[in-house]
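This one's a predicted model, so the numbers in the text were calculated from it and none came from an experiment.
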Amino acid sequence: MLSNFIIKLRKAHGLSQELVASRLSLSRPTYLQIERGERDLMLTEAQELAKLFNISFEDFLRQKETNFSVFIEKENDSPSPKKENIRISVPQVQLNKFRAVLLYILRKVGGKPNIGMTSLYKLLYFIDFDYYEKHEEQLMGLVYIKNHYGPTPVVFPKVIDAMIKKGELEVFKSTYYKFPQTKYMINPEVEPDLSILNGQEKNHIDEELQRLSDMTASQLSDLSHRDVPWISAKDGQQLDYETVFYRTRETSVRDY
């Protein structure tokens, strides 16, 4: 049943019922009806759930799960990967850097009407992969997978949920040119910890935001779909940072 599949995906991503309900602009009791199989999904709700769970809309309807899970690595942890699942290990230092970059992006451009969840996915992707092409070292070094909507940072839903619970962010629904959109608002009392970024990294982020942040989600997705890391990966597969060195002139950001 689709309702059981939704429950499985929600728990696998570590998301609360309240958060998923808010993403769908539903009350928690109404969302519970979906998980109980007592209410059918609207088309727009199904599309939003597919985005939230980082799988294509087609795979969501077929109830086909992408075999990725997120493991937040702490000091002295030695995880034993399960054979049937690909585990993504995210060191705590890297995770803190991601939080700082995300807050910085939202502080700088989050108020723009075009910057919703899908646009954030693509901005993070280009910040990470462009930095690697330019400097041959990682900035955040997040793991991205290929899905129907473009490169998707695997750890995003888990981190966002934690930040919402801490009161750092608030999620709300809006529309952009009549299309549904998930946006995030920063708690005014929360400031990004930019001490975790060096000058080169901060300058790179500023340049990327200046270059890309006025694009719509569709334009950013289209650009990412023409990029070699996305083209060279199979659906549901992790994107390889090394493929940036095979980019075409259209997407390359390095002066060779």
Side-chain angles (χ1 to χ4, degrees), residues 54 68-79 81 86-110 115 119-147 150-160 162-163 191-213 215 220-221 223-234 237-256:
N54 297 333
F68 281 88
S69 65
V70 178
F71 173 77
I72 306 302
E73 183 180 319
K74 299 178 181 178
E75 285 189 36
N76 301 323
D77 274 340
S78 300
I86 301 174
R87 289 168 63 87
I88 305 302
S89 178
V90 185
Q92 190 66 39
V93 173
Q94 182 178 311
L95 198 64
N96 290 338
K97 205 169 197 179
F98 168 53
R99 287 195 189 100
V101 172
L102 179 60
L103 287 172
Y104 184 67
I105 292 173
L106 291 173
R107 182 72 76 194
K108 293 273 288 187
V109 301
I115 302 298
S119 294
L120 282 174
Y121 281 176
K122 306 308 173 289
L123 290 176
L124 290 166
Y125 162 75
F126 282 113
I127 286 171
D128 253 344
F129 277 71
D130 289 355
Y131 190 85
Y132 193 75
E133 184 190 10
K134 284 182 179 179
H135 304 290
E136 300 186 24
E137 58 185 38
Q138 293 185 340
L139 198 159
M140 294 175 289
L142 300 180
V143 173
Y144 298 81
I145 61 170
K146 176 177 180 177
N147 71 20
T152 302
V154 177
V155 77
F156 189 94
K158 186 178 287 288
V159 173
I160 284 289
M163 294 173 76
E191 287 290 339
D193 179 14
L194 300 184
S195 65
I196 201 170
L197 301 172
N198 62 40
Q200 178 175 275
E201 292 170 336
K202 185 176 178 297
N203 288 339
H204 171 76
I205 295 169
D206 287 338
E207 290 171 359
E208 292 289 274
L209 294 181
Q210 183 176 6
R211 182 172 72 94
L212 302 169
S213 66
M215 291 185 180
L220 286 169
S221 293
L223 182 61
S224 71
H225 288 184
R226 300 197 300 272
D227 202 9
V228 173
W230 191 88
I231 294 172
S232 61
K234 296 180 180 179
Q237 188 180 61
Q238 180 177 338
L239 273 60
D240 184 357
Y241 278 85
E242 295 300 322
T243 58
V244 296
F245 302 115
Y246 300 93
R247 280 173 158 174
T248 64
R249 288 185 178 181
E250 182 182 19
T251 55
S252 177
V253 293
R254 183 170 175 174
D255 186 15
Y256 290 95

> Regarding Lys122 and Asp227, does a basic nitrogen lie under 4.0 Å from an acidic carboxylate oxygen?
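Here Lys122 does not pair with Asp227 in a salt bridge, since their nearest N and O are not under 4.0 Å apart.
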> Working to the nearest 0.5 Å, report the span between CG of Leu209 and OH of Tyr104.
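One finds 7.0 Å between CG of Leu209 and OH of Tyr104.
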> So which of Ile105, Ile127, Leu139 actually passes side-chain contact (heavy atoms from CB on, under 4.5 Å) with Glu208?
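Only one of Ile105, Ile127, Leu139 forms a side-chain contact (heavy atoms from CB on, under 4.5 Å) with Glu208, namely Ile127.
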> Please check this pair: side chain of Ser252 against backbone of Glu250, looking for a donor-acceptor N/O pair closer than 3.5 Å.
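Not confirmed, Ser252 side chain does not pair with Glu250 backbone.
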> State, to 0.1 Å, how close Val253 and Lys134 come at their nearest heavy-atom pair, and which atoms those are.
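Between these two residues, the closest heavy atoms are O-CE, 3.7 Å.
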> Got more than 12 heavy atoms from elsewhere within 6.0 Å of OH, Tyr246?
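For Tyr246, atom OH is not crowded (no more than 12 foreign heavy atoms under 6.0 Å).
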> Using a 4.5 Å cut-off on heavy atoms from C-beta on, say whether the side chain of Gln138 contacts that of Asp128.
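Of all side-chain heavy-atom pairs linking Gln138 with Asp128, none is under 4.5 Å.
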> Indicate the atoms forming the closest heavy-atom contact of Tyr131 with Glu137, along with that distance.
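Residues Tyr131 and Glu137, closest heavy atoms: CD2-O, 3.2 Å.
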> Closest heavy-atom contact between Phe156 and Leu120?
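Looking at all heavy atoms of both residues, the shortest contact is CZ-CD1, 4.3 Å.
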> If only atom types and distance count, is the side chain of Ser224 paired as donor or acceptor with the main-chain N or O of Ser221 below 3.5 Å?
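Yes, the answer is positive, given that a donor and an acceptor are paired below the 3.5 Å cut-off.
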> Rounded at 0.5 Å granularity, tell me how far CG in Leu103 sits from CE in Met163.
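It is 3.5 Å, given to the nearest 0.5 Å.
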> Should the heavy atoms of other residues, nucleotides or ligands under 6.0 Å from CD of Gln210 be counted, would the total exceed 12?
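Check fails, neighbour count at 12 or below.
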> CG of Leu194 to CD of Glu201: how many Å apart, nearest 0.5 Å?
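Interatomic distance, Leu194 CG to Glu201 CD, rounded to 0.5 Å: 11.0 Å.
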> One pair to check against side-chain contact (heavy atoms from CB on, under 4.5 Å): Val244 and Arg247. What are the steps and the verdict?
CA-CA 5 Å; Val244 296; Arg247 280 173 158 174; 4.0 Å; yes
> Is a donor on one side and an acceptor on the other found under 3.5 Å between the side chain of Glu133 and the backbone of Asp130?
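Pair absent, no side-chain N/O of Glu133 close to backbone of Asp130.
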> Return the minimal non-hydrogen interatomic distance between Pro151 and Tyr125, and the atom names on each side.
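That would be CB-CD1, 3.5 Å.
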> I'd like to know if the side chain of Lys146 and the backbone of Trp230 have a donor-acceptor N/O pair within less than 3.5 Å.
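Checked: pair present.
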> Does the distance from a Lys or Arg side-chain N to an Asp or Glu carboxylate O, for Arg254 and Glu136, drop under 4.0 Å?
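Yes, charged N to carboxylate O under 4.0 Å.
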> So, for Tyr144 and Leu124, which heavy atoms are closest and what is the spacing to 0.1 Å?
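Reported closest heavy-atom pair: OH-O, 2.9 Å.
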> Apply the test side-chain contact (heavy atoms from CB on, under 4.5 Å) to residues Asp206 and Lys108: give CA-CA distance (whole Å), side-chain angles for both, the deciding distance (0.1 Å), then the verdict.
CA-CA 9 Å; Asp206 287 338; Lys108 293 273 288 187; 3.7 Å; yes
> Might you point out which heavy atoms bring Val228 and Thr248 nearest each other, and give the distance in Å?
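The answer is CG2-N, 4.3 Å.
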> In Å and rounded to the nearest 0.5 Å, what is the CE to CG distance from Met140 to Leu197?
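Reported value, rounded in 0.5 Å steps: 9.0 Å.
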> Counting distance only, does the side-chain N/O of Asp193 pair as donor-acceptor with the main-chain N or O of Ala100 below 3.5 Å?
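It does not hold such a pair.
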> Are any side-chain N or O atoms of Ser119 and backbone N or O atoms of Ile115, one a donor and one an acceptor, separated by less than 3.5 Å?
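Answer holds: no.
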> How long is the straight-line distance from CZ of Arg226 back to CD1 of Ile231, given to the nearest 0.5 Å?
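Between Ile231 CD1 and Arg226 CZ, I get 9.0 Å after rounding to 0.5 Å.
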> Please assess Glu242 against Tyr132 for the test side chain to side chain donor-acceptor pair (under 3.5 Å), listing each intermediate value before the final yes or no.
CA-CA 8 Å; Glu242 295 300 322; Tyr132 193 75; 2.3 Å; yes
